[in-house]
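One structure is given below, encoded as structure tokens.
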Amino acid sequence: MKKAILILMGITVLSCSSSSSSSSNDPIDTTVPLISTIHIDSDSFTPGVNSNTNNSNTITTAQLINEGAAKKVTFTLRKPFVNILQLEAIGVDVVYPVSQSSISGTYYVTASEGGSINNNVSGNYFNSSSVYYFKSGSVSVTDLENSNYKLIFNNVVVTNNPFGVGTLKSITGTYQGNFVNED
């Protein structure tokens, strides 16, 4: 059952990256240098460079949520893979108030850390054997324009059991680069 869920999640990630949006065919903006220093515990996590393949890092632009009080933007970082069993990705959902002019800011996972229903981050990390959900920490986002963003993972703790005691991992580091728009 666990493998079936992981394969379904992988298929979802693959189908999300195959958008035929005209912006996904735009040339990559190379004026912003690619930086990736992300680690899952002590293991390096290096997302792929964008191209028109399943290895693209993607963004879904702002959608109104919470009765129009907030916007939600989804970032997906994927390590390059050849087959679905090698899939490894981080999904980040950022929620911010509609009154905020830009997504740039620091977003917290929990209310006790500073998050709220209209200003927070959630997400997951998954690989071929497990799914880990954001439990605590924060993510800082900077809009560098032209589909370029900087994400800083500030000691994001993830767990494979969001309802109890489970295996914990830590996501730290920075990703700066271009995201293919999936709209």
Side-chain angles (χ1 to χ4, degrees), residues 5-6 8-24 26 29 38 40 45 47 50 54 56-78 87-126 130-164 166 169 171-183:
I5 290 171
L6 289 172
L8 271 173
M9 286 185 71
I11 291 169
T12 301
V13 167
L14 286 174
S15 65
C16 288
S17 68
S18 64
S19 172
S20 62
S21 167
S22 62
S23 61
S24 68
D26 293 343
D29 181 356
I38 299 173
I40 312 293
F45 179 95
N50 282 333
N54 291 331
S56 296
N57 299 307
T58 60
I59 182 172
T60 302
T61 55
Q63 305 166 12
L64 289 177
I65 62 168
N66 298 339
E67 298 179 1
K71 297 176 188 176
K72 179 175 117 178
V73 175
T74 301
F75 296 93
T76 305
L77 297 166
R78 293 178 186 86
L87 180 61
E88 194 172 352
I90 300 172
V92 180
D93 291 327
V94 176
V95 175
Y96 63 101
V98 293
S99 60
Q100 190 172 309
S101 62
S102 166
I103 193 171
S104 295
T106 298
Y107 301 92
Y108 296 89
V109 174
T110 66
S112 64
E113 296 173 307
S116 71
I117 192 163
N118 292 325
N119 191 355
N120 67 72
V121 66
S122 62
N124 59 52
Y125 159 71
F126 61 92
S130 196
V131 179
Y132 295 84
Y133 304 91
F134 284 21
K135 181 179 173 116
S136 64
S138 66
V139 177
S140 299
V141 179
T142 304
D143 184 347
L144 302 172
E145 300 181 353
N146 299 320
S147 297
N148 291 290
Y149 294 87
K150 182 177 185 178
L151 304 178
I152 301 173
F153 294 87
N154 304 303
N155 297 314
V156 174
V157 175
V158 295
T159 178
N160 65 347
N161 183 356
F163 306 108
K169 292 185 177 284
I171 303 175
T172 58
T174 299
Y175 174 82
Q176 175 180 294
N178 187 267
F179 287 82
V180 173
N181 194 324
E182 287 195 323
D183 289 338

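A heavy-atom distance below 4.5 Å is found between the side chains of Leu151 and Phe179. Side chains of Val141 and Val92 form no contact here, defined as non-hydrogen atoms less than 4.5 Å apart. Residues Asn160 and Tyr132 form a side-chain contact, since some pair of their non-hydrogen atoms from C-beta on lies under 4.5 Å apart. Put simply, the side chain of Thr174 reaches to within 4.5 Å of the side chain of Lys150, judged on heavy atoms. Side-chain contact between Tyr133 and Val131: present, with at least one pair of heavy atoms (C-beta onward) separated by less than 4.5 Å. Between Val158 and Asn124, the closest side-chain pair of non-hydrogen atoms is not below 4.5 Å. Considering only heavy atoms from C-beta on, Leu77 comes within 4.5 Å of Phe153 through its side chain. Looking at Phe134 and Val139, their side chains come closer than 4.5 Å, going by heavy atoms from C-beta outward.
Residue Tyr108 holds its OH atom at 12.5 Å from OG of Ser136, rounded to the nearest 0.5 Å. With values rounded to the nearest 0.5 angstrom, Ser122 atom OG is found 13.0 Å from Tyr107 atom OH. Summarising the geometry, atom OG1 belonging to Thr110 is positioned 10.0 Å from atom CG belonging to Asn120; distances are rounded to the nearest 0.5 Å. Atoms OG and CG, from Ser104 and Leu144 in turn, are 7.5 Å apart once rounded to the nearest 0.5 Å. The distance from atom CZ of Phe75 to atom OH of Tyr175, rounded to the nearest 0.5 Å, is 11.0 Å. A distance of 3.5 Å separates CG in Asn154 from OG in Ser138, rounded to the nearest 0.5 Å.
Applying the side-chain contact (heavy atoms from CB on, under 4.5 Å) test between Tyr149 and each of Val94, Asn178, Ile103 identifies Ile103 as the sole match.
At least one donor-acceptor pair closer than 3.5 Å links the side chain of Thr159 to the backbone N or O of Asn161.
The nearest pair of heavy atoms linking Asn118 to Ala70 is OD1-CB, 3.4 Å. Across all their heavy atoms, Ile65 and Lys72 have their closest contact at CD1-CB, 3.9 Å.
No hydrogens or angles considered: nothing links the side chains of Asn155 and Thr172 as a donor-acceptor pair under 3.5 Å.
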